Peer 1: 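Just dropping this structure here.
Predicted model only: the values in this text are computed from it and were never measured.
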Amino acid sequence: MTRYFPLVSALVCCYVVAVIAVLGSGVLTEESALIVDDAAQLVSGSGATIACWWRARHNHGGQRHWRVLLGLGTAGWTAGMAVWAWFRTFADTPLPSPSLADVGFLTLPVFALPALLVFAEDGRPVRGITARSARAAARTRAVLVLDGLIVTGSLFLLTWATALGAVVSSGAPTALGFVVAVAYPVTDLVLVVIVVLLASFRRARNSLRLLLLGSGLIALSVSDSIFAYLVSSGAASMNPLFDAGFVAGPALIALAAIVPDDHEAASGHEWRERTVDWAHLMLPYLPLMVAASYTTVKTVLGAGTDDLEVVGVFLLFVLVVLRQLVTLIDNAKLLEKVRNTQEDLAHQASHDPLTGLANRTLLYERLHDSITRNSRTHYPFGLLYLDLDGFKAVNDTFGHSAGDALLRAVADRLRECVRTADTVARLGGDEFAVLVATERRQESELVGGRVLAALQRPFTVEGRSHTIGGSLGIVHCPVDEEISAQTLLHHADAAMYATKQRRKQRGGETPPQGTAPDDEPAGAGAVEEGAIRAAPSVHDEPPDTEAHSVHDGTTAPDDPAVPDNPNVPDDGISLHN
């Protein structure tokens, strides 16, 4: 079927255009035009019925059900058309209504409505409409309800202004005739509303099928509205050209039924998907623009508007304002969510995910800013490089979860040792750095002492108490010479390494040249008990760079020799070139 669908579509379009052209040309006599008109409508209705039922046999589930239902509706419509043709041809009744033909005609909307509802289940929500959170669901429902009311109100206003209002105001020769005349625009209004809502809020698996189906039902509705107006006004006949919708509508429904499932073209381009989404989002406002334009034209031409049209326009205006208010609120919340997301992403990019401390990238940025400021204002600052002693034993013995918990506890204590202007960063593993923004060089040593004292207090992790320590190196930024953030951090690392090397030497162990000693538990190494000492780094330092290496000893937390805010004493040896 996929292979022959373009040819069948072309033949159907040629057939519809040819019939309309012949009926509108005026070359046929009135009797001949009626015969051609009725025959064409019978052919279209029969073709729609056959196409729906034939394709239903080759489908299953919802694809089968909506075709069966629509086939029943077109079958009833075709039967009504046969009765209509008999009245016009053999009973000499140009406009036979009310009659048994109306029963057949009104069968179509009765079955088409559930067919559309089943058809809707095969689609998916339009992007940008559905909510992705429970809180946004309420706003989404409000938007859907308001858009539905705007569509329904606009189409009702248009129907009232064109046919329904005239039917109600003109009445009909009989009560049954009035009921029949009103039934056509009302049922057509329901079908058109469903089609527009379906096209607005649901993206059909096959958009061509939805387009053909919707166009067919709308074409039938237009001719129905004209028919209802003529019946209510007591017209004796109906121009065959007004029956164009009765010829084209069933033909379009037939094409919708036989559209191949794989006819939907692959998007391939994001701009095409975006265009389709925008078309779906703008579709609910198309009936509003048509209704408003029609009412405006009537007013300008002096045709006047009744009270219902005035009230309808006002209510639609209120609905549109409410819809925009909901949109503004939703956009404001969306912008807030986007801003929060950007802030979260920026935080994640510049902070360690385990401890929440600054990461190496953020530390480099702040070091660079501090160095730049120092070169202009000679505002000194210190950099501390900390390596934990005893962490590896905890991590290897009790597992990574215990090690992670210990690192988070260490991070919390480091935050307590610094001011808000200082920066604490985790460089990786069990290595940390502290950027001390200070006007006094001694402040860096004070912060280092607080850090080491804080590490001496036992840590409780997963119900176990652990005592660790740390090796600390301190450097200050040179005043009169340029230095990079990487170089400054390297010197702080070298000062910290000197502490470890000094401990090894005091313990009688000399590490190989150029290698770093293994991580050790707190208390290993020979350091005078109760003293926190500072020693110079043995590595070369840049001019005007003061470097100290500080080691956390084995002093117990309650030892009076280690106050809460200890001053780190200088050995009297500082490097100044």
Side-chain angles (χ1 to χ4, degrees), residues 11-12 15-16 18-20 22-23 28-56 67-113 115 172 174 176-177 179-181 183-185 187-188 191 213 216-231 235-258:
L11 292 176
V12 171
Y15 156 73
V16 172
V19 170
I20 295 175
V22 169
L23 293 177
L28 298 178
T29 63
E30 182 177 351
E31 183 177 355
S32 299
L34 288 177
I35 293 175
V36 172
D37 184 17
D38 292 344
Q41 293 183 52
L42 284 171
V43 170
S44 295
S46 301
T49 303
I50 294 172
C52 288
W53 286 349
W54 177 68
R55 286 295 295 170
R67 287 182 171 89
V68 170
L69 290 170
L70 200 57
L72 291 173
T74 55
W77 186 91
T78 305
M81 186 62 228
V83 176
W84 177 275
W86 185 88
F87 272 111
R88 295 212 297 184
T89 303
F90 300 104
D92 196 23
T93 306
L95 206 60
S97 183
S99 66
L100 290 176
D102 296 314
V103 177
F105 290 146
L106 292 175
T107 301
L108 177 59
V110 171
F111 287 99
L113 179 59
T174 63
L176 181 59
V179 171
V180 171
Y184 283 107
T187 54
D188 292 335
L191 291 181
L213 181 58
L217 293 175
I218 292 175
L220 287 170
S221 300
V222 172
S223 291
D224 272 343
S225 298
I226 298 174
F227 168 74
Y229 176 77
L230 294 176
V231 169
S237 62
M238 183 174 179
N239 191 320
L241 194 59
F242 293 154
D243 289 339
F246 294 142
V247 177
L252 292 173
I253 292 175
L255 289 178
I258 64 174

Peer 1: Nearest heavy-atom pair of R55 and A257: which atoms, and what distance?
Peer 2: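 Residues R55 and A257, closest heavy atoms: CG-O, 3.2 Å.
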Peer 1: Counting only heavy atoms not in L241 (residues, nucleotides, ligands), do more than 12 fall under 6.0 Å from its CG?
Peer 2: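 Atom CG in L241 is crowded, with more than 12 foreign heavy atoms closer than 6.0 Å.
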Peer 1: If you take all heavy atoms of P250 and A48, which pair is closest and at what distance?
Peer 2: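 Scanning both residues completely, I find the closest heavy atoms to be O-CB, 3.3 Å.
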Peer 1: Please round to the nearest 0.5 Å and tell me the distance separating atom CG of L23 and atom OG of S32.
Peer 2: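 Here the rounded value is 11.0 Å.
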Peer 1: Anything under 3.5 Å between a donor and an acceptor, one on a side chain of residues 76-87, the other on a protein residue two or more places apart or in another chain? List them.
Peer 2:
unit_1 : atom_1 : unit_2 : atom_2 : d
T78    : OG1    : G45    : O      : 3.2
T78    : OG1    : T74    : O      : 2.7

Peer 1: Could you report the tightest heavy-atom contact between T49 and A75, atom names first, then the distance?
Peer 2: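 T49 and A75 have their closest heavy atoms at OG1-N, 3.2 Å.
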Peer 1: Looking at every non-hydrogen atom in both residues, tell me the closest pair between L28 and V36 and how far apart they are.
Peer 2: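 In terms of heavy atoms, the two residues are closest at CD1-CG2, 3.9 Å.
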Peer 1: About how many Å separate CG of D188 and CG of D224, when rounded to the nearest 0.5 Å?
Peer 2: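 It is 4.0 Å, given to the nearest 0.5 Å.
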Peer 1: Does D102 have any side-chain hydrogen bond (donor to acceptor under 3.5 Å, both in side chains) partners at least two apart in sequence or in another chain, and if so, which?
Peer 2: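 For D102, the residues satisfying side-chain hydrogen bond (donor to acceptor under 3.5 Å, both in side chains) (neighbours in sequence not counted) are S97, Y184.
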Peer 1: Just do the side chain to side chain contact (heavy atoms under 4.5 Å, CB included) check on I253 and L220 with the steps written out, would you?
Peer 2: CA-CA 10 Å; I253 292 175; L220 287 170; 4.1 Å; yes
Peer 1: Output all residues satisfying side-chain hydrogen bond (donor to acceptor under 3.5 Å, both in side chains) with T89, sequence neighbours left out; order by chain, then residue number.
Peer 2: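 Per chain and number, T89 pairs via side-chain hydrogen bond (donor to acceptor under 3.5 Å, both in side chains) with no residue.
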Peer 1: With sequence neighbours excluded, what pairs up with S221 under the side-chain hydrogen bond (donor to acceptor under 3.5 Å, both in side chains) test?
Peer 2: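 side-chain hydrogen bond (donor to acceptor under 3.5 Å, both in side chains) check on S221 returns nothing, list empty.
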Peer 1: Can you see which heavy atom on L72 is nearest to which on F111, and at what distance?
Peer 2: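 Result for this residue pair: CD1-CE2, 3.7 Å.
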Peer 1: Considering residues at least two apart in sequence or located in another chain, which fulfil the side-chain hydrogen bond (donor to acceptor under 3.5 Å, both in side chains) criterion with S44?
Peer 2: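 Testing S44 for side-chain hydrogen bond (donor to acceptor under 3.5 Å, both in side chains), a comparison that skips the adjacent residues, returns Y15.
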Peer 1: To the nearest 0.5 Å, how far apart are CD in E30 and CG in N239?
Peer 2: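 Answer rounded to 0.5 Å: 9.5 Å.
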Peer 1: Could you give all pairs that pass the salt bridge (charged side-chain N to carboxylate O under 4.0 Å, His left out) test and reach residues 35-51, with sequence neighbours left out?
Peer 2: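 Every salt bridge (charged side-chain N to carboxylate O under 4.0 Å, His left out) pair that includes a residue of residues 35-51, provided the two are not neighbours, is D37-R88, D38-R88.
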Peer 1: Quick check: closest heavy atoms across A256 and L213, and the distance to 0.1 Å?
Peer 2: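 So the two residues come closest at CB-N, 3.6 Å.
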Peer 1: Look up atom OG in S99 and atom CZ in F105, then write down how far apart they are to the nearest 0.5 Å.
Peer 2: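 Spacing of OG (S99) from CZ (F105) equals 7.5 Å.
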